[in-house]
Amino acid sequence: MALKYWFEFTDVKKIVHRVEISDATFVGDSTQIYGSCSLEYSETKDTLEPVRGSGLQIDLEADSSLTFYDLYSEEERTFSVVYTRATEILFNGWLSPEGIYESLVSDKWVISLDCTDGLGFLKNLSYVEDATGLPFLGKQSLLEIIVNCLKRTKTPQNILTSIDIYYDGLAQTLNPLDNVHFNADRFIKDDNNTTIMDCEEVLKSVLEPFGAVLTAYKGEWLIYKPNLLVDSTSETFFAYDSLGVALGTPSRTIDFAFALGSQIDSYYPHHANGNQQKTIKSSIGAYRINYKYGLVKSFFANLLLENIAGVVDEWTVDDATNLEFPPDNIGLRLDIITTTALSTLVLTSNSFNFELGNVIQFNSLFNFYDYVSSSGLRVIVYFRVILTDGVDTYYLNNSGGWDSSSIFIYADVQEETIDLKIVSDSMPIDGSVNIEIWRPKKLNGSGVFSEVLISRCEISPADSELRDIKGKNHTFQRTLKPSSKIKDIKTVFNGDNESDAYAGAIYKADEITTTNSWTRFGATETKPLLQIMGEERMKMYSKPLQVYKGDVYGYFNYLSLVTINGLTGKFMPTTYSYDALSNITSLELTEVLNSDILSDVEYDLTFDYGNVVEPTIKG
């Protein structure tokens, strides 16, 4: 970015503030202008709100020779803005041209322009690859998803993360965000229009289950957990660049402690303007999380059986001698063996996880390759669909049953294309399923055919009871002296599942094994992720919360854990505006808790059949 305009001013504490406006296409010398600024963060009523955008309002002195009309652009992210206070970056984002005007009655006037860190753009931007606009496929780490969303802001900043919730088996020295994977299909809405979620929806859906919050902090993106800061004012973060590459210094410790009080008690910053007040926000008595499963459309991403240099993604080639590929590298050409020869295994698919009672559909599309002529030629094409838990093994038959003895699925092909579809019975065990493709065998007749072309081979969820269950309800209720307030139902799109049938399943680092239990840092007790999410919400609202509101003389960072002289408890900002010139911060602070009330919380897990209603208080 080439610097176009800049201004500096000194506040009442003699601290220098500087704002720079840059444009990548600008050529020439920068121009000093005159103005001031205010730093703001989006208002929220909830300390667990997962995405907190920041903004900068700049007031510029304009005149007939400097109207700032050259700052107008139809592209929202043309002019970058960086604001520093005493050389420390407090804002990095983009200028909005709205607010530019020219006075027709005065030769001098002041215009107010808004700037955003880019998070506000995300609600209008689909979750697609930033450079190409193409949707994502396959599984992605949570860190990769966050990076992809933040790329869309066009605000390149380092990313610091600390969430301290680990799936069973993950070492607590590793970053969970880099070792947890989601299905990219989860971010396509089930609305029959294949609408892709916007990036704000995606960020919220992946952060909320972990109780994590994303905001800008001193020129970097920070992902943190408010619950953690209640018990420890400092936290250690994993550090990455804007592309998600780990930085040379793998971690960074930040202390968020801040003390606020009156000037007469020698505090700075301190209360100002005599407008301080305290109110109370009620606790909650019950809370429900509705996890929407979302069925995968297919367990295979490589539906066309495309190969790259002989490698067929999601498949292992067991017999390359009897396998060829068409010139366009789409599909599988299998040699036909004679009637008396033994069929041999050619390809084996990846395995997918399922639960007892799941139902799948096997589908394969195939025909003769390069048909010329034949005389009653018939060929049998063989597959095996295998279900196993490592002890017991079952094989799908042509009728959809599960046999305990080895058996093939088969179909004979003549001159027409065969579209073989088999809907299975309910699975007799929990286990993994994979497909084997074997060499086709000549049945009778004659002809010039020598190969069968398989152009599709997959398994997918069947139209069955899988579709009747929409998800699960995780319900939490205080059993002793509950509040009558019920928190709005929270819908989430990812959670623990034993089965790959659900797009919302969460995967471990191997991208194969689904998660089912988690633990907090330093703890030994394991629970489902959404149970932890609900418990942390109940802990944060375990008693009526104090809310402080008023002005403060002096600057302190939005992301601070505040203690207030004369009040018990710890607080975090939910409304924040810092007027740099006057050195006044106007804010609202809400108490944060992490109370140990779990013995007083009743947890109930039920299936969602499509009729989700709010919980009611029992006591």
Side-chain angles (χ1 to χ4, degrees), residues 128-140 183-185 188 194 196 296-338 343-352 360-374 377-385 408-422 433-443 445-461 511:
V128 294
E129 209 284 318
D130 186 54
T132 66
L134 296 175
F136 294 103
L137 300 174
K139 297 185 179 75
Q140 299 176 307
N183 267 315
D185 287 347
I188 299 178
T194 62
I196 298 174
V296 300
K297 296 176 175 61
S298 173
F299 300 108
F300 290 85
N302 187 16
L303 294 178
L304 299 180
L305 299 170
E306 180 179 9
N307 83 89
I308 299 176
V311 176
V312 185
D313 192 30
E314 301 173 323
W315 294 82
T316 299
V317 176
D318 298 285
D319 180 8
T321 305
N322 295 295
L323 174 66
E324 297 181 71
F325 303 106
D328 60 3
N329 292 317
I330 302 296
L332 310 170
R333 293 165 51 185
L334 277 64
D335 288 343
I336 299 171
I337 59 176
T338 63
S343 183
T344 55
L345 177 63
V346 182
L347 295 108
T348 303
S349 78
N350 289 349
S351 297
F352 302 92
I360 60 171
Q361 176 174 289
F362 170 79
N363 177 220
S364 184
L365 190 68
F366 49 89
N367 60 286
F368 288 124
Y369 183 71
D370 282 346
Y371 168 77
V372 178
S373 63
S374 70
L377 179 63
R378 296 178 63 195
V379 170
I380 299 294
V381 181
Y382 295 97
F383 307 91
R384 284 207 305 188
V385 176
F408 286 98
I409 293 172
Y410 61 89
D412 67 87
V413 55
Q414 299 180 46
E415 297 180 6
E416 71 276 12
T417 296
I418 300 298
D419 188 359
L420 177 62
K421 293 181 179 179
I422 299 172
V433 174
N434 73 297
I435 304 171
E436 294 180 347
I437 301 177
W438 291 61
R439 272 183 87 181
K441 182 186 293 188
K442 179 180 176 183
L443 184 63
S446 61
V448 298
F449 300 113
S450 61
E451 295 174 331
V452 166
L453 174 67
I454 298 179
S455 52
R456 189 182 187 94
C457 189
E458 61 160 334
I459 49 178
S460 58
E511 302 183 38

Asks: What's the shortest heavy-atom distance between Ile336 and Lys442, and which atoms?
Replies: CG2-N, 3.7 Å
Asks: How far does SG of Cys457 sit from CZ of Phe362, to the nearest 0.5 angstrom?
Replies: 4.0 Å
Asks: Which label fits Tyr382 and Phe408: parallel for a plane angle under 30°, tilted from 30 to 60°, or perpendicular past 60°?
Replies: perpendicular
Asks: Verify the neighbour count for atom CG of Leu134: are there more than 12 heavy atoms of other residues, nucleotides or ligands below 6.0 Å?
Replies: yes
Asks: How far apart are the C-alpha atoms of Ser343 and Ile337, what are their side-chain angles, what is the distance that settles it, and do they pass the side chain to side chain contact (heavy atoms under 4.5 Å, CB included) test?
Replies: CA-CA 7 Å; Ser343 183; Ile337 59 176; 4.2 Å; yes
Asks: Would you check if the side chain of Asn183 reaches a backbone N or O of Asp185 as a donor-acceptor pair within less than 3.5 Å?
Replies: no
Asks: Side-chain contact, heavy-atom cut-off 4.5 Å: Val433 with Val385?
Replies: yes
Asks: For the residue pair Phe136 and Ala184, what are the closest heavy atoms and their distance?
Replies: O-CB, 3.5 Å
Asks: Please determine whether side chain to side chain contact (heavy atoms under 4.5 Å, CB included) holds for the pair Leu453 and Leu332, giving the CA-CA distance in whole Å, both sets of side-chain angles, and the decisive distance to 0.1 Å.
Replies: CA-CA 5 Å; Leu453 174 67; Leu332 310 170; 5.7 Å; no
Asks: Which pair of non-hydrogen atoms, one from Ile418 and one from Ala411, has the smallest distance, and what is that distance?
Replies: CG2-CB, 4.3 Å
Asks: When you look at Ile308 and Asn329, which way does the side chain to side chain contact (heavy atoms under 4.5 Å, CB included) test go after all the steps?
Replies: CA-CA 7 Å; Ile308 299 176; Asn329 292 317; over 6 Å; no
Asks: How close do Ser364 and Phe366 get, counting heavy atoms only, and between which atoms?
Replies: OG-CD2, 3.5 Å
Asks: When you compare the side chain of Ile409 with that of Arg384, does any pair of heavy atoms fall below 4.5 Å?
Replies: no
Asks: Taking side chain as C-beta onward, heavy atoms only, is Leu347 less than 4.5 Å from Phe383?
Replies: no
Asks: Measure across Glu436 and Asn434 and return the closest heavy-atom pair with its distance rounded to 0.1 Å.
Replies: CG-ND2, 4.1 Å
Asks: Enter the distance from Asn302:CG to Glu314:CD here, rounded to the nearest 0.5 Å.
Replies: 5.5 Å
Asks: Is it the case that more than 12 heavy atoms not belonging to Tyr410 sit under 6.0 Å from its OH atom?
Replies: no
Asks: Hey, are the side chains of Ser455 and Leu305 touching, using non-hydrogen atoms and a 4.5 Å cut-off?
Replies: no
Asks: Less than 4.5 Å apart, any side-chain heavy atom of Leu334 and any of Trp438?
Replies: no
Asks: Do Asn363 and Asp419 meet the criterion of a side-chain donor-acceptor pair at a distance under 3.5 Å?
Replies: yes
Asks: Taking the side chain as C-beta and beyond, is there a heavy-atom pair between Asp335 and Glu324 under 4.5 Å?
Replies: yes
Asks: For the CG atom of Leu420 and the CG atom of Leu365, what is their distance to the nearest 0.5 Å?
Replies: 10.0 Å
Asks: Are any of the side-chain heavy atoms of Phe368 and Val379 separated by less than 4.5 Å?
Replies: yes
Asks: Evaluate the side chain to side chain contact (heavy atoms under 4.5 Å, CB included) criterion for residues Phe325 and Val312: first the C-alpha distance (whole Å), next the side-chain angles of each, then the deciding distance (0.1 Å), finally the verdict.
Replies: CA-CA 10 Å; Phe325 303 106; Val312 185; 3.8 Å; yes
Asks: Looking at every non-hydrogen atom in both residues, tell me the closest pair between Ile437 and Leu345 and how far apart they are.
Replies: O-CD1, 3.6 Å
Asks: Between Glu451 and Arg333, is the salt bridge (Lys or Arg N to Asp or Glu O under 4.0 Å) condition met? List the steps.
Replies: CA-CA 6 Å; Glu451 295 174 331; Arg333 293 165 51 185; 2.8 Å; yes
Asks: Any donor-acceptor pair under 3.5 Å linking the side-chain atoms of Asp318 with those of Thr348?
Replies: yes
Asks: Would you indicate whether the side-chain heavy atoms of Ile188 and Pro135 approach each other to under 4.5 Å?
Replies: no
Asks: To the closest 0.5 Å, what do you measure between NZ (Lys441) and CG (Asp412)?
Replies: 13.5 Å
